[in-house]
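Shown next, in structure tokens, is the structure this report addresses.
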There are 2 protein chains.
Amino acid sequence: MARPAAKKLETSTTLLEAAKKVLRQSGYAGLSTRDVAAAAGVPLSQIHYHFGSKQGLLLALFEYLNGQLLDRQDALYGDKSLSIAEQWDKACDYLDEDIGSGYVRVLQELSAAGWSDPEVAKVVRDAIKGWIDLIAEVARRAERELGGLGPFSAEEVAALVGSAFIGSESHYLLGLERRGVPVRQALRRFGDLIRIAESKSSKR
Amino acid sequence: MARPAAKKLETSTTLLEAAKKVLRQSGYAGLSTRDVAAAAGVPLSQIHYHFGSKQGLLLALFEYLNGQLLDRQDALYGDKSLSIAEQWDKACDYLDEDIGSGYVRVLQELSAAGWSDPEVAKVVRDAIKGWIDLIAEVARRAERELGGLGPFSAEEVAALVGSAFIGSESHYLLGLERRGVPVRQALRRFGDLIRIAESKSSKR
DNA sequence: GCAATTTTCGGTCGATCGACCGATTTATCA
DNA sequence: TGATAAATCGGTCGATCGACCGAAAATTGC
């Protein structure tokens with residue numbers, strides 16, 4: 001019954017890191033508690049002791065990873081000295097970084113797991129909703145500074161940008177980029193569009 | 001011998017339809033050969049007889065569904081009487097239709113399965129690559145008729161549009177739309193942008 | 001009508017899964 | 001130090017998985 005919070009940093013954190021590693025390598029379908037325990041070098045029963053269940057481990061993993069990213073996000077969107085185009089470029093840098101670290105794979109796997117598991121869906125959805133809200137804020141700033149967003153509302157721009165990034169991740173994981181589809185290049189090009197709009201509005 | 005002659009449907013087709021149904025309801029993680037066989041009303045061993053393995057069933061399922069969609073796609077992109085904005089609207093209609101029929105769920109589940117399974121990835125990737133190539137053609141047409149695509153190449157536009165649609169599907173499956181993120185509404189709004197560009201170019 | 005082939009069927013195998021248990025060790029604090 | 005709780009450990013349970021088998025039935029070709 002005892003379900004302590006991560007007090008002894010060692011084992012529970014080791015398990016989360018191991019779960020991340022296994023999820024990167026084998027995906028959600030190939031993720032077994034035994035694999036995670038083996039990767040962590042601890043007995044199987046430790047998973048249920050620390051996280052209660054396999055699902056508990058996954059939810060804890062997502063919050064663990066998301067916590068690592070929150071500071072980064074706040075730093076990006078809180079820095080008012082950056083132009084919107086510079087913020088966009090930075091977001092693209094983050095995507096490259098997250099692909100390299102394997103976080104994208106984990107996020108997409110958990111997202112897919114959410115399609116079947118309402119509890120997982122809630123956690124992932126809330127996180128992505130948070131990101132989209134941040135994007136909407138930037139879009140509202142762009143609306144003010146650049147003079148409108150064409151036919152789009154700020155919320156619609158945020159939904160589109162969020163979809164484009166998530167879809168790009170999916171395409172990348174499928175290997176489309178290596179097959180000639182310029183996924184990330186196209187995302188970065190969008191920064192040029194913002195730059196054009198910014199130079200127009202500054203000349204006004 | 002009063003056997004129902006009307007229900008002489010091929011067993012393999014029955015199995016594919018059953019697999020589609022199970023995949024819609026339980027996702028890839030919850031897809032077992034026994035569930036499929038039960039949903040189809042045939043013995044388990046029929047799956048391995050007709051498709052060799054579980055993976056063989058999945059690959060056949062994707063090609064089965066994709067074949068149903070190919071005619072529709074060709075009809076959309078082959079109809080030169082439609083304006084680009086009308087083509088966009090129709091694509092949005094198709095998305096609604098595919099969400100309703102459950103095809104989106106199946107496609108996304110198979111796509112996710114491809115992240116771990118190279119053979120599944122190849123089939124899904126080739127199909128999506130085909131769609132993106134079609135979009136690129138439309139983008140080239142837009143480039144000619146509307147006078148350029150801003151900083152984007154046709155291939156980049158295709159990559160962005162493809163990502164946006166796939167990402168929208170993922171967001172929809174997560175339930176983000178019901179939480180106030182205007183996913184499909186934003187996609188449709190993009191048609192307005194095309195209409196603006198078309199009216200400008202016609203006035204030229 | 002008969003032989004060859006295709007298809008259907010029930011049953012079972014070995015492997016793996018998540019979960020759980022009791023016993024043992026380690027850490028915490030009076 | 002001794003008592004109490006937290007944490008670790010090996011082992012095992014029932015369930016489910018994909019795959020496979022040989023026999024039976026249906027279909028096809030001659």
Side-chain angles (χ1 to χ4, degrees), chain A residues 1-19 21-23 25-62 109-110 112-113 116-120, chain B residues 1-23 25-62 109-110 112-114 116-120:
Chain A
M1 238 0 201
R3 234 185 97 203
K7 202 168 175 191
K8 171 107 181 193
L9 254 70
E10 188 115 30
T11 301
S12 57
T13 306
T14 305
L15 278 170
L16 289 176
E17 284 294 336
K21 182 181 173 186
V22 173
L23 205 49
Q25 290 181 344
S26 312
Y28 179 76
L31 179 85
S32 72
T33 53
R34 281 177 172 80
D35 284 346
V36 174
V42 303
L44 168 62
S45 49
Q46 290 291 68
I47 290 178
H48 297 92
Y49 176 75
H50 285 282
F51 302 103
S53 67
K54 179 183 179 180
Q55 193 196 48
L57 171 68
L58 282 177
L59 295 179
L61 171 62
F62 185 78
E109 287 284 357
L110 286 174
S116 294
D117 188 323
E119 209 161 335
V120 175
Chain B
M1 297 307 171
R3 207 178 51 169
K7 128 177 160 172
K8 178 55 191 170
L9 202 63
E10 281 294 328
T11 302
S12 57
T13 305
T14 307
L15 279 170
L16 289 176
E17 283 295 336
K20 176 182 170 185
K21 182 181 172 186
V22 173
L23 205 48
Q25 291 182 343
S26 311
Y28 178 76
L31 178 85
S32 72
T33 53
R34 280 176 173 82
D35 285 346
V36 174
V42 303
L44 168 62
S45 47
Q46 290 291 70
I47 289 179
H48 297 92
Y49 176 76
H50 285 282
F51 303 102
S53 67
K54 179 183 180 180
Q55 192 196 49
L57 171 69
L58 282 176
L59 295 180
L61 171 62
F62 185 78
E109 287 283 357
L110 285 174
S116 293
D117 188 323
E119 211 160 334
V120 174

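Note on naming: letters A, B, ... go to the chains in the order of the sequence lines (proteins, then strands), and numbering restarts at 1 for each one.
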Protein-nucleic acid N or O pairs under 3.5 Å, nucleotides 13-17 of chain D:
{"unit_1": "D:dC17", "atom_1": "OP1", "unit_2": "B:Ser32", "atom_2": "OG", "d": "3.4"}

Take a 6.0 Å sphere around NZ of A:Lys21 and say whether it holds more than 12 heavy atoms from other residues, nucleotides or ligands.
no
Minimal non-hydrogen separation, A:Pro118 against A:Ser116, with atom names:
CD-O, 3.4 Å
Reported CG-to-CG distance for the pair A:Leu61 and A:Leu31, which is rounded to 0.5 angstrom
8.5 Å
List in chain and number order the residues that pass side chain to side chain donor-acceptor pair (under 3.5 Å) with B:Thr33, two or more places apart in sequence or in another chain; answer none if no residue qualifies.
none
Residues passing the side chain to side chain contact (heavy atoms under 4.5 Å, CB included) test with A:Gln55, sequence neighbours excluded, are A:Ser53, A:Leu59, A:Asp117, A:Glu119, A:Val120
Atom-pair distance (CG on B:Leu57; C1' on D:dC20), nearest Å
17 Å
Tell me whether the OP1 or OP2 atom of C:dT8 has a side-chain N or O from B:Thr11 closer than 4.0 Å.
yes
Residue pair A:Val22 / A:Gly30: nearest heavy atoms and the distance that separates them:
CG1-O, 4.5 Å
Only distances under 3.5 Å count here; give the side-chain donor-acceptor pairs of residues 36-51 of chain B to other protein atoms, sequence neighbours excluded, each with its distance to 0.1 Å.
none

Without decimals, in angstroms, what is the distance between A:Leu58 CG and C:dA19 C1'?
15 Å
Would you indicate, yes or no, if D:dG18 has its OP1 or OP2 atom less than 4.0 angstrom from a side-chain nitrogen or oxygen of B:Ser53?
no
Please, what dot-bracket string fits DNA chain D when only Watson-Crick and G-U pairs with both distances under 3.5 Å count, crossing ones use [ ] and pairs to another strand use |?
||||||||||||||||||||||||||||||
What residues 42-52 of chain B contributes to the DNA chain D interface at heavy-atom separation below 4.0 Å is B:Leu44, B:Ser45, B:His48
